[in-house]
Protein chains: 2
Amino acid sequence: MPTPTVENYLKALYVQPPAPGQQPTELIPMGQVAEAMRVSPGTATSMMKTLAEAGLVEYEPRAGVRLSERGLALALQILRRHRLIEQFLVQVLGLDWSEVHDEAEELEHAISDKVLERIDLLLGHPDTDPHGDPIPPSHGQPAHVELTPLSLAEVGAQVTVARVLDQQPDFLNFAHQHGLTPGSRLTVLAHQPAADAITCQPEGAPSLTLGTAAAGKILTLIEQTAS
Amino acid sequence: MPTPTVENYLKALYVQPPAPGQQPTELIPMGQVAEAMRVSPGTATSMMKTLAEAGLVEYEPRAGVRLSERGLALALQILRRHRLIEQFLVQVLGLDWSEVHDEAEELEHAISDKVLERIDLLLGHPDTDPHGDPIPPSHGQPAHVELTPLSLAEVGAQVTVARVLDQQPDFLNFAHQHGLTPGSRLTVLAHQPAADAITCQPEGAPSLTLGTAAAGKILTLIEQTAS
DNA sequence: TGTTCGCATTATCATAGACTAATGCTTGCA
DNA sequence: TGCAAGCATTAGTCTATGATAATGCGAACA
Ligand SMILES: [Mn+2]
Ligand SMILES: [Mn+2]
Ligand SMILES: [Mn+2]
Ligand SMILES: [Mn+2]
């Protein structure tokens with residue numbers, strides 16, 4: 001059984017965004033690992049060697065690391081725990097979606113498979129967490145759904161918010177207050193490239209202008225394009 | 001915030017049974033600490049010095065340790081977490097009372113005050129856990145209730161099982177199968193000192209003979225003495 | 001083709017928690 | 001009154017995980 005530290009590294013490796021245009025099987029450079037885990041570069045290197053010893057990653061000196069098959073399976077297991085716990089904390093205990101990430105970050109290392117499956121049952125086998133992140137099944141990869149960042153949705157399109165990529169409480173509170181939670185519908189009103197902004201109209205809330213960076217963190221399902 | 005290891009030591013110190021006839025404020029010898037925590041004597045000594053440094057225990061070399069006021073408050077907090085979690089696992093997730101102790105042993109270190117108070121609310125502020133152990137309030141000591149070990153109950157008495165002291169799954173399964181769970185009522189039929197045994201009649205279950213040691217782990221509330 | 005700059009690696013050290021083995025108190029008994 | 005047996009303490013080591021600082025490699029640019 002891996003330590004909490006090892007579990008955190010594996011999860012971090014899994015969720016690293018591939019560099020633009022890269023396959024997710026490409027090598028992750030050590031600097032990125034160090035930054036993701038907020039440790040020094042030396043610590044990252046030595047930890048990656050340890051994980052490689054344990055067969056959880058493939059490590060190529062001066063090139064980077066990628067998860068091995070075993071490492072990937074473990075990472076998905078931790079991610080499943082994390083996201084089911086988040087959903088549980090919101091649905092059953094009534095916590096706010098802005099505070100469950102940090103709670104789950106600890107609980108994911110303490111919960112047994114048995115308790116986890118009870119939670120899954122109680123929740124009716126959800127397939128996403130409160131932020132719209134997919135919950136991996138107990139075996140195998142989560143299904144892939146094609147989503148469009150709000151920043152790229154066409155003017156006039158009607159979209160449904162499906163997933164919010166930023167876990168920061170401030171951002172989540174902001175999104176909640178403006179009707180940008182998974183399931184809420186909105187219409188894209190305008191792009192303002194010069195202002196680096198986009199304006200949209202959430203259903204049942206005032207219209208809203210967001211910077212491109214923020215809009216890029218809101219992933220949507222296109223319901224209807226501009227007619 | 002103490003580490004999980006420190007929390008476990010404090011909890012263990014709190015639940016150490018005082019030697020027969022001792023006040024619970026007496027010093028606990030190092031051998032007892034080492035045995036309770038299943039570590040070597042040297043480890044116990046060095047850990048107690050560390051805890052003394054941190055002001056959580058009073059340590060007298062070659063005599064023993066006792067919890068300080070701060071250590072006691074912390075121990076009660078951990079115990080509250082442990083027992084509320086156990087009750088939650090049984091009541092909400094439907095786990096068996098024989099398996100929740102080990103689960104809670106991990107979760108007690110991972111759960112936040114916020115989540116804990118939500119659980120407490122959801123359960124309706126229970127004051128005992130599934131084994132009948134009292135749940136300490138968020139501040140202060142748990143109320144003391146006078147209970148009688150089944151081994152000492154008089155022949156002919158009607159008693160209600162209030163608390164089961166052994167957390168071993170085997171013992172708990174045995175107790176459950178024979179109707180010896182908190183809340184179940186039974187009548188004491190006979191003492192057989194020569195056989196080191198006691199016979200009782202649980203309501204709605206076959207009568208049962210137990211060794212004195214086992215009967216001593218079943219604490220009861222006397223409902224009615226022999227007429 | 002050579003050099004430099006950015007990143008990675010190595011070397012050294014620290015801390016928490018554990019172990020084993022050697023040593024040292026203390027107390028009860030002769 | 002003295003000593004041995006039973007505990008407890010100390011000394012030295014180990015592993016996991018971190019840090020810092022010195023060194024090294026290699027890709028891109030001159
Ligand atoms: Mn975590
Ligand atoms: Mn999430
Ligand atoms: Mn514990
Ligand atoms: Mn209990």
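Remember, it's a predicted structure, so these values are computed and weren't measured experimentally. A note on names: the letters A, B, ... follow the listed sequences, proteins ahead of strands, and every chain is numbered from 1. Worth knowing before you read on, the calculation uses all heavy atoms, side chains too, and leaves out hydrogens, waters and symmetry mates.
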Contact nearer the 5' end of DNA chain C, comparing B/T50 with A/G42: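 Result of the comparison: A/G42.
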Between B/H109 and B/N8: side-chain donor-acceptor atoms closer than 3.5 Å: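 Checked: B/H109/B/N8 side chains pair up, N/O donor to acceptor below 3.5 Å.
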Taking atom types as modelled and ignoring hydrogens, do the side chains of B/T209 and B/T199 form a donor-acceptor contact shorter than 3.5 angstrom?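 Note: B/T209 and B/T199 side chains meet the donor-acceptor criterion.
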In whole angstrom, give the distance that lies between atom [atom1] of [X] and atom [atom2] of [N].
X: B/K49; N: C/dA16; atom1: NZ; atom2: P; answer: 15 Å
X: B/M37; N: C/dA16; atom1: CE; atom2: C1'; answer: 14 Å
X: A/E35; N: C/dC7; atom1: CD; atom2: P; answer: 11 Å
X: B/M30; N: C/dG24; atom1: CE; atom2: C1'; answer: 16 Å
X: B/L27; N: D/dC7; atom1: CG; atom2: C1'; answer: 15 Å
X: B/M48; N: C/dA16; atom1: CE; atom2: P; answer: 15 Å
X: A/M47; N: C/dT9; atom1: CE; atom2: P; answer: 15 Å
X: A/Q32; N: C/dC7; atom1: CD; atom2: P; answer: 12 Å

Look at all strands and tell whether A/T45 reaches a base, only sugar-phosphate, or nothing, counting heavy atoms closer than 4.0 Å.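 Counting heavy atoms under 4.0 Å across all strands, the contact made by A/T45 includes a base.
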Could you pull out the closest heavy-atom pair between A/G132 and A/P182, with the gap in Å?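 So the two residues come closest at N-CG, 3.9 Å.
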Starting the side chain at C-beta, find the nucleotide from C/dG17, D/dT17, C/dA8 nearest to A/P29.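 The answer is C/dA8, which lies nearest to the side chain.
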Kindly point out which of D/dT10, D/dG18, C/dA8 is positioned nearest to the side chain of A/V39?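 Among the listed nucleotides, the one closest to the side chain of A/V39 is D/dG18.
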Could you tell me whether the phosphate oxygens of [N], OP1 or OP2, come under 4.0 Å of any side-chain nitrogen or oxygen in [X]?
X: B/T3; N: C/dA16; value: no
X: A/Y9; N: D/dG18; value: yes
X: A/S40; N: D/dA19; value: yes
X: A/T43; N: D/dG18; value: no
X: B/Y59; N: D/dT9; value: yes

Parallel, tilted or perpendicular for A/F88 and B/F88, by the 30°/60° rule?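 The arrangement is perpendicular - the two ring planes meet at more than 60°.
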Here's a test of your reading of the structure: between B/E60 and A/P4, which maps to the more 5' nucleotide of DNA chain D?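 The residue closer to the strand's 5' end, by nearest nucleotide, is B/E60.
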Taking atom types as they are modelled, would you say the side chain of A/R62 forms a donor-acceptor pair with the base of D/dG26 within the 3.5 Å cutoff?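 Flag unset: no donor-acceptor pair detected.
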Does the distance from a Lys or Arg side-chain N to an Asp or Glu carboxylate O, for B/E103 and A/K114, drop under 4.0 Å?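 No, this pair does not count.
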